[in-house]
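Within every chain, numbering begins at 1; the chains are lettered A, B, ... in the order of the sequence lines, protein sequences first and strands thereafter. Treat the numbers as computed from the prediction; the structure is a model and nothing was measured.
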Number of protein chains: 2
Amino acid sequence: MKKSAVFDLAILGLLQESPLHGYELRKRLSALMGAFRAISYGSLYPALRALAEAGYISETGDKTAPGPALSSKRARITYSLTKLGANYLKELLQDSGPDAWEDEGFGVRFAFFAHTEEVVRQRILEGRRSRLAERSSQLKKSLANARDRIDQYTLELHRHGLEGVENELRWIEGLIAAENKTQRTGS
Amino acid sequence: MKKSAVFDLAILGLLQESPLHGYELRKRLSALMGAFRAISYGSLYPALRALAEAGYISETGDKTAPGPALSSKRARITYSLTKLGANYLKELLQDSGPDAWEDEGFGVRFAFFAHTEEVVRQRILEGRRSRLAERSSQLKKSLANARDRIDQYTLELHRHGLEGVENELRWIEGLIAAENKTQRTGS
DNA sequence: GTTAGCATGTAAGGAGTTACATGATTTT
DNA sequence: AAAATCATGTAACTCCTTACATGCTAAC
């Protein structure tokens with residue numbers, strides 16, 4: 001229950017929806033993370049191996065089109081979530097600690113909010129909100145401080161950085177409000 | 001002239017402004033990167049050592065307040081840019097390739113734009129612009145694609161991601177326009 | 001007198017990438 | 001028949017963090 005969780009979470013979360021083989025999983029993973037960080041096979045396959053060894057997922061070689069039953073055909077390996085894996089996933093989705101709202105983990109956690117309990121969702125959103133608020137105030141302070149001593153480009157960089165943080169802050173606040181509303185009306 | 005450049009660049013760039021010791025350097029580095037990624041000493045000191053060995057910076061032990069001339073006092077080590085280091089920095093600031101406009105490197109490169117040639121600045125901004133445009137169109141495509149098949153939270157995550165990208169895109173376009181204007185008027 | 005912040009470092013290891021190696025299938 | 005893309009994997013390596021180890025100085 002330690003380690004890099006966020007990675008495992010992403011894999012298990014995707015496999016929950018449907019069994020997949022590595023190549024396809026990688027594409028979904030990249031899309032999930034936001035079209036940016038395309039994770040590499042050198043990372044993915046060992047991770048899948050480890051999850052299989054831990055019993056969280058099961059490997060099944062599938063010969064999609066039932067061609068000649070020869071072993072020459074490099075079979076695709078389809079991974080599916082086991083019962084044990086489903087429980088582990090549930091456990092991971094309970095976590096409402098810092099890992100869930102810090103930069104590295106938040107996106108993935110948010111993507112699986114549909115499978116996350118209301119209370120947990122709210123705690124994560126609140127955690128992220130306060131994290132962003134803290135960052136915003138730090139940036140404001142440093143901007144007010146530097147104002148004169150710092151060159152124009154660095155200033156502009158920080159100004160734009162602050163803008164981005166405040167933007168996400170407003171987004172989160174909107175989400176919190178929406179969560180509260182659906183909670184009150186019962187859906 | 002290979003390796004992780006961006007790190008070296010940040011250190012050399014800061015030392016160009018004034019000599020600093022490690023502890024202070026780390027704070028500036030963190031501020032430069034945008035109050036987020038506070039780089040660790042386990043990273044910084046070895047990097048400084050390597051730069052010193054390469055001759056790009058020089059170490060001088062300074063006993064700030066001239067107390068008793070005993071060796072017992074753990075001296076702060078002040079690092080300054082050497083002539084060789086200044087040349088290396090100049091060289092690094094010439095680079096207008098992908099490293100300069102990708103996510104990892106762009107911020108630092110931009111922070112030192114005051115010491116970067118106009119032509120190079122424009123190439124870097126243009127590179128970043130096209131990188132962001134590409135990302136934006138990918139995201140739009142994936143959003144249009146998914147629309148129905150995907151759950152609301154993932155959709156919202158992607159929508160917000162796109163918003164962030166378009167925001168930075170507008171920012172960059174503004175900067176490009178500003179560069180062109182100051183270039184034409186000669187200042 | 002003890003906590004907090006200044007200051008420098010090392011050893012071990014985590015998390016991931018790149019480059020390589022292989023081969024099947026689909027499209028042009 | 002060549003090129004692109006699907007598909008799986010390994011070994012070496014890079015970059016960086018954590019945890020540890022040490023000691024000084026200022027504030028409360």
Side-chain angles (χ1 to χ4, degrees), chain A residues 1-11 19-30 33 36-53 57 59-79 98-99 102-105 108, chain B residues 2-11 19-30 33 36-53 57 59-68 70-79 98-99 102-105 108:
Chain A
M1 219 199 295
K2 286 210 163 196
K3 283 227 298 183
S4 163
V6 57
F7 216 72
D8 291 358
L9 175 63
I11 293 172
L20 294 168
H21 56 272
Y23 192 85
E24 178 65 22
L25 193 51
R26 188 216 185 205
K27 286 197 299 186
R28 307 254 180 133
L29 235 29
S30 301
M33 312 296 195
F36 38 101
R37 195 124 307 184
I39 104 126
S40 70
Y41 296 121
S43 241
L44 177 60
Y45 286 113
L48 285 171
R49 183 62 50 91
L51 284 170
E53 260 158 37
I57 60 180
E59 307 173 330
T60 55
D62 93 289
K63 281 99 176 166
T64 325
L70 279 161
S71 60
S72 71
K73 189 173 198 176
R74 172 105 100 157
R76 296 193 303 178
I77 298 170
T78 299
Y79 297 92
D99 281 355
E102 289 299 327
D103 290 341
E104 328 83 54
V108 176
Chain B
K2 284 212 163 194
K3 282 228 300 185
S4 162
V6 58
F7 216 69
D8 291 359
L9 174 64
I11 292 171
L20 294 168
H21 55 271
Y23 192 85
E24 178 65 22
L25 192 52
R26 188 216 186 205
K27 285 197 300 185
R28 307 255 181 129
L29 235 29
S30 302
M33 312 293 195
F36 38 98
R37 194 125 307 186
I39 105 123
S40 71
Y41 296 121
S43 241
L44 177 60
Y45 285 113
L48 285 170
R49 185 61 51 92
L51 284 170
E53 260 160 36
I57 61 180
E59 308 173 330
T60 54
D62 92 288
K63 280 97 177 171
T64 326
L70 280 160
S71 60
S72 71
K73 190 173 197 175
R74 171 103 99 156
R76 297 193 304 180
I77 298 170
T78 300
Y79 296 92
D99 282 354
E102 289 299 326
D103 290 341
E104 327 84 54
V108 175

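Geometric assessment of B:R76 against the ring of B:Y23 yields a negative cation-pi assignment under the 6.0 Å and 45° thresholds.
In this structure, CD of A:E24 is placed 7 Å from P of D:dA7, rounded to the nearest angstrom. Between the CZ atom of B:R28 and the P atom of C:dC6 there is a distance of 13 Å, given to the nearest Å. Distance B:E102 CD to C:dT17 P: 14 Å, rounded to the nearest Å. Atom P of nucleotide C:dA7 and atom CG of B:L48 are separated by 14 Å, given to the nearest angstrom. Residue A:R26 contributes atom CZ, which lies 12 Å from atom C1' of C:dT18 at whole-angstrom precision. Here the P atom of nucleotide D:dC15 and the CZ atom of B:R49 are 19 Å apart, to the nearest Å. Rounded to whole angstrom, the span from the CD1 atom of A:I39 across to the P atom of D:dT8 amounts to 13 Å. Counting to the nearest Å, the C1' atom of C:dT8 and the CG atom of B:L25 are 13 Å from each other.
A distance of 5.0 Å separates CD1 of B:I57 from CG of B:L51, quoted to the nearest 0.5 Å. Taking CZ from B:R26 and NE2 from B:H21, the interatomic distance works out to 12.5 Å, rounded to the nearest 0.5 Å.
The listed nucleotides are D:dT17, C:dG9, D:dT8; the one nearest the side chain of B:S43 is D:dT17. When each of D:dG9, C:dC6, C:dT17 is scored by its nearest atom to the side-chain atoms of B:K27, the top-ranked nucleotide is C:dC6. Nearest to the side-chain atoms of A:F7 among the listed nucleotides C:dG16, C:dT17, D:dT8 stands C:dG16. Residue B:P46 has its side chain nearest to C:dT10 when only C:dG9, C:dT10, D:dT17 are considered. Taking every side-chain heavy atom of A:H21 into account, D:dA7 is the closest of C:dG9, D:dT10, D:dA7.
Using five terminal pairs a side, the axes of the helix from C:dG1-D:dC28 to C:dT28-D:dA1 at its two ends make an angle of 40°, given in steps of 10 degrees.
Within the 4.5 Å cutoff, side-chain heavy atoms of B:L48 are placed close to those of B:I11.
In this structure, B:Y23 reaches the C:dC6 phosphate: one of its side-chain N or O atoms is under 4.0 Å from OP1 or OP2. One finds no side-chain N or O of A:R76 lying less than 4.0 angstrom from the OP1 or OP2 phosphate oxygen of D:dC6. Contact between the side-chain N/O atoms of A:Y41 and the OP1/OP2 oxygens of D:dG9 is not found at any separation under 4.0 Å.
Nucleic acid contact for B:G42: base, since at least one base atom lies under 4.0 Å from a heavy atom of the residue.
With respect to B:E24 and B:R28, a salt bridge is recorded, a charged nitrogen being found less than 4.0 Å from a carboxylate O.
Taking A:F7 as the reference, nothing meets the ring-ring contact (aromatic ring centres under 6.0 Å, His included) condition, with sequence neighbours excluded. Looking at residues two or more places apart in sequence or on another chain, you find no salt bridge (charged side-chain N to carboxylate O under 4.0 Å, His left out) involving B:E104.
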